[in-house]
S.K.: 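Dropping the structure in here first, questions after.
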Amino acid sequence: MLYDVIIIGGGPAGAAAAVYSARKRLKTLLITESFGGQSIVSDDIQNWIGEAHISGFELAQKLEAHVRAFSDVIDIKIAERVIEIKSIRCSSLERICDFDVKTGQGAYESKSLVLAMGARRRKLDVPGEEKFNGKGVAYCSTCDAPLFSGKKVAVVGGGNAGLEAVVDLFPYASEIYLLHRGDALKGDPVEQEEMKKNPKLKKIIFNAEPVEIEGDKFVSRIKYKDIKTGHIESLPVEGVFVEIGSVPNTETVKELVELDNWGQIVINAKHASTSHPGVFAAGDITDDPYKQNNISAGDGVRAALAAYSYILKREKQPPASA
């Protein structure tokens, strides 16, 4: 079967793209390892519009249910990992192609693609990090800062992401400690100066390499090594924000579309289009600077509508007319 569009990803971007593709009566295939995206580990999401409080698991369930409500035009392949994506049957003059998407379970073809594979947070890879993920360890200050009201928190990272996390925590945390592997911060100098004026920032700890996160049911301390002395220090905190960047899941498309220096897909923000005609991208996998669930959902809508317009121009008739 040749689909009108294959959507890869089951987070807010992929789910929104699927719903809008279905409403445009595009014959759609959604491939995802799971629904929910990065937020599935969050116990309490407070900024998903329309829900004052919702867990990542509940959000994933709602996204999946909404997509499955259009099962007459959407085929869903869940628990499948995409291993290869390539263009096929290309017109040499117009660069109009079909696309072949291979997973470990099969191969699928389409006239267009929406890439919504998201990104994965760069992790510390230390003992305790996975154990306390969602139980004091967090990776998104914009999402989770309100959960740490009145608590002592450590932020790991000396770049702009780390600095922004500290600022996001100012209205909530009682004390903030910034840990950085280097001997000087790398973030914006102006933001550094503003950050240092706030008395809630108790200390910037340089040359600090995290080695373990400890606790009982929740985080109670982070241990780090002083890189210069080799000594292991222990810092009592109730939360650890890991802000050392993210890695976009673009390994399978690096030969298909243009990527920026950080491996993100470069898009035309008006149309979600990429450097390859017929390929659209949405959410955290793109070079959009704001990585948020609500923004990803909007990106998915835009990508689906752009894919529909592309199909119309390619076919010269609405897909449902057949």
Side-chain angles (χ1 to χ4, degrees), residues 3-22 26-42 48 56-57 59-68 70 73-86 99-110 112-121 139-140 246-254 256-257 259 263-267 272-274 276 278-288 290-308:
Y3 289 94
D4 290 316
V5 58
I6 291 178
I7 299 165
I8 306 172
V19 168
Y20 269 75
S21 293
L26 295 177
K27 185 57 182 175
T28 303
L29 172 64
L30 184 143
I31 304 173
T32 184
E33 294 183 55
S34 62
F35 280 91
Q38 295 180 70
S39 293
I40 196 167
V41 299
S42 297
W48 178 249
F57 180 71
L59 176 60
Q61 287 184 310
K62 290 191 173 188
L63 293 176
E64 181 174 0
H66 201 167
V67 173
R68 290 192 183 278
F70 294 93
V73 289
I74 300 178
D75 290 337
I76 300 172
K77 301 293 182 181
I78 196 168
E80 291 198 22
R81 183 182 182 87
V82 172
I83 56 177
E84 183 181 41
I85 304 172
K86 62 182 180 180
F99 300 93
D100 181 65
V101 178
K102 287 185 172 65
T103 72
Q105 288 75 36
Y108 314 97
E109 294 183 358
S110 71
S112 66
L113 297 174
V114 173
L115 306 175
M117 296 92 82
R120 56 193 185 274
R121 293 287 179 175
Y139 299 89
C140 176
S246 61
V247 182
N249 297 317
T250 51
E251 290 83 358
T252 55
V253 296
K254 60 184 179 181
L256 183 68
V257 296
L259 307 181
Q264 303 173 124
I265 298 175
V266 177
I267 61 168
S273 56
T274 70
H276 195 304
V279 181
F280 306 88
D284 288 0
I285 200 172
T286 74
D287 60 351
D288 187 316
Y290 301 110
K291 313 298 187 186
Q292 294 292 302
N293 283 334
N294 292 293
I295 292 173
S296 292
D299 286 350
V301 172
R302 180 184 291 110
L305 296 178
Y308 174 70

S.K.: Taking Q264 for its side chain and D288 for its backbone only, find out whether a donor-acceptor pair lies under 3.5 Å.
M.R.: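 Looks like no, no N/O pair under 3.5 Å.
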S.K.: So, using salt bridge (Lys or Arg N to Asp or Glu O under 4.0 Å) as the criterion, who are the partners of K102 when residues are at least two apart?
M.R.: E84, D100
S.K.: So, do I8 and I85 sit near enough that their side-chain heavy atoms are less than 4.5 Å apart?
M.R.: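 They are in contact (side-chain heavy atoms under 4.5 Å apart), so the answer is yes.
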S.K.: Please step through salt bridge (Lys or Arg N to Asp or Glu O under 4.0 Å) for the pair R81 and E251, ending with a clear verdict.
M.R.: CA-CA 12 Å; R81 183 182 182 87; E251 290 83 358; over 6 Å; no
S.K.: Not counting sequence neighbours, which residues clear salt bridge (Lys or Arg N to Asp or Glu O under 4.0 Å) with E64? List them please.
M.R.: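 Expected list: R68.
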S.K.: For the side chain of T250 and the backbone of V253, is there at least one donor-acceptor N/O pair under 3.5 Å apart?
M.R.: no
S.K.: Would you say the side-chain atoms of T28 pair up with the backbone N or O of L26, donor to acceptor, closer than 3.5 Å?
M.R.: yes
S.K.: Name all residues meeting the side-chain contact (heavy atoms from CB on, under 4.5 Å) criterion together with V19; count only those two or more places apart in sequence or in a different chain, and write none if there are none.
M.R.: R23, H66, V67, F70
S.K.: For S296, which residues count as a side-chain contact (heavy atoms from CB on, under 4.5 Å) partner, sequence neighbours excluded?
M.R.: P12, A13, D284
S.K.: Is there a side-chain contact between T252 and M117 in this structure, where contact means two heavy atoms from C-beta onward sitting under 4.5 Å apart?
M.R.: yes
S.K.: Report yes if the side chains of Y290 and D299 come closer than 4.5 Å at any heavy-atom pair, otherwise no.
M.R.: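 No, their side chains stay 4.5 Å or more apart.
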S.K.: Among all residues two or more places apart in sequence or in another chain, which pass the ring-ring contact (aromatic ring centres under 6.0 Å, His included) test with Y3?
M.R.: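 Per chain and number, Y3 pairs via ring-ring contact (aromatic ring centres under 6.0 Å, His included) with no residue.
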S.K.: Given L256 and L113, is the side chain to side chain contact (heavy atoms under 4.5 Å, CB included) satisfied, shown in steps?
M.R.: CA-CA 11 Å; L256 183 68; L113 297 174; 4.1 Å; yes
S.K.: How many angstroms lie between atom CD of Q105 and atom CD1 of I31, to the nearest 0.5 angstrom?
M.R.: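 Result: 10.0 Å between the selected atoms.
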S.K.: Going by side-chain hydrogen bond (donor to acceptor under 3.5 Å, both in side chains), name the residues that satisfy it together with Y108, two or more places apart in sequence or in a different chain.
M.R.: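 side-chain hydrogen bond (donor to acceptor under 3.5 Å, both in side chains) list for Y108, sorted by chain: E80.
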S.K.: Is any side-chain heavy atom of C140 closer than 4.5 Å to a side-chain heavy atom of R121?
M.R.: yes
